[in-house]
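Position 1 is the first residue of the sequence; numbering continues from there. Note that the structure is predicted; figures quoted are calculated from it, not measured.
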Amino acid sequence: MNTQLTAIGEKIKELDPVAALTYLAEAYPGKIVFSTSFGWEDQVITHMIFANDLPIEVFTLETGRLFPETYYVWNRTLEIYKKTIRAYFPQADALQEMVDRKGPSSFYESVENRKECCGIRKLEPLRRALKGNELWVTGIRAEQSLNRTDMLDLEWDEQNQLIKFHPIFGWSLEEVKAYIKKHNIVYNTLHDKGFPSIGCAPCTRAVREGEDFRAGRWWWEDQSKKECGLHATQ
């Protein structure tokens, strides 16, 4: 796999994100997907894919706990591009069992409960979304958290057994905003209210100036390493 990653890396290292996505879509026909949560970065990549009619499936995890603003961006994106965004929902039986047993807000009570909720609402649907694919495109950027600075823009995902590519990994937030403005891309207005990262409504809040990028996610937990498991690093 290292040899394959090296070869791909050599092919795309001088390419801009759209050219790199075009190359990978041709290299992995029908086996490449992009996951969006409708944040700044994901809207940039969605535009790259849809505006250039790239054969990359776009999907999202419909956890059932998203912000109204997120649903608005989702719907406007469908209206603007006239493309499909596939939604993956939690398994109803598992979700009902957890809520019946622990209530609708058990994630506030312990890290274990929060991880259980993330597992049901996000990780299991993600496994279904990725099944049968060979390359997963994400909107991860290096500066988003300390846990992501040691990642690479192209890497092997051991957990999901596929290649991951982060086309705007090296971009700054200002570059993301400039691209959105230049291409008049619809984005989540919660970003203008201090939300750098937007997930499920009960687990996301605005951050104060100077706080870490992910301070608004699961703020009641230890601040040092907070990931839901979607992008776990070894």
Which heavy-atom pair separates [X] from [Y] by the least distance, and what is that distance?
| X | Y | value |
| --- | --- | --- |
| P196 | V207 | CD-CG2, 3.7 Å |
| P125 | P90 | CG-CA, 3.9 Å |
| W220 | C203 | CH2-SG, 3.9 Å |
| D153 | F169 | CB-CB, 3.7 Å |
| I168 | P17 | CG2-CG, 4.3 Å |
| E143 | L173 | OE2-N, 2.9 Å |

Please check if I56 and I185 belong to a single hydrophobic cluster, counting links between Ile, Leu, Val, Met, Phe, Trp and Tyr side chain heavy atoms closer than 4.5 Å.
yes

Do L78 and V73 share a hydrophobic cluster, counting only Ile, Leu, Val, Met, Phe, Trp and Tyr and linking them when any side-chain heavy atoms are less than 4.5 Å apart?
yes

Hey, are E116 and R101 close enough for a salt bridge, meaning a charged N less than 4.0 Å from a carboxylate O?
yes

Is any NZ, NE, NH1 or NH2 atom of the basic residue among E79 and R76 found under 4.0 Å from an Asp or Glu carboxylate oxygen of the other?
yes

Quick check: do [X] and [Y] have side-chain heavy atoms less than 4.5 Å from each other?
| X | Y | result |
| --- | --- | --- |
| I120 | Q91 | no |
| M98 | L95 | yes |
| E155 | H166 | yes |
| L126 | Y88 | no |
| I85 | F59 | no |
| D192 | Y187 | yes |
| V58 | T84 | no |
| K83 | T77 | no |

Over 60° means perpendicular and under 30° means parallel, so tell me whether F38 and W74 are parallel, tilted or perpendicular.
parallel

Sub-3.5 Å donor-acceptor pair from the side chain of [X] to the main-chain atoms of [Y], do we have one?
| X | Y | result |
| --- | --- | --- |
| Q43 | V186 | yes |
| D42 | S37 | yes |
| H191 | W40 | yes |
| R217 | T204 | no |
| D16 | V18 | yes |
| T60 | T36 | yes |
| D157 | Q159 | yes |
| R128 | L123 | no |
| K122 | T63 | no |

Are T70 and N188 linked by a side-chain donor-acceptor pair shorter than 3.5 Å?
yes

Are Y71 and E62 close enough that a side-chain donor and a side-chain acceptor fall under 3.5 Å?
yes

Residues, nucleotides or ligands: over 12 heavy atoms within 6.0 Å of Q161 CD
yes

Given the side-chain rings of W136 and F165, with only the six-membered ring counted for Trp, is the space between their centroids under 6.0 Å?
no

Would you please indicate if the ring centroids of F107 and W218 are separated by under 6.0 Å?
no

Just do the side-chain hydrogen bond (donor to acceptor under 3.5 Å, both in side chains) check on Y28 and N133 with the steps written out, would you?
CA-CA 9 Å; Y28 295 91; N133 290 293; over 6 Å; no

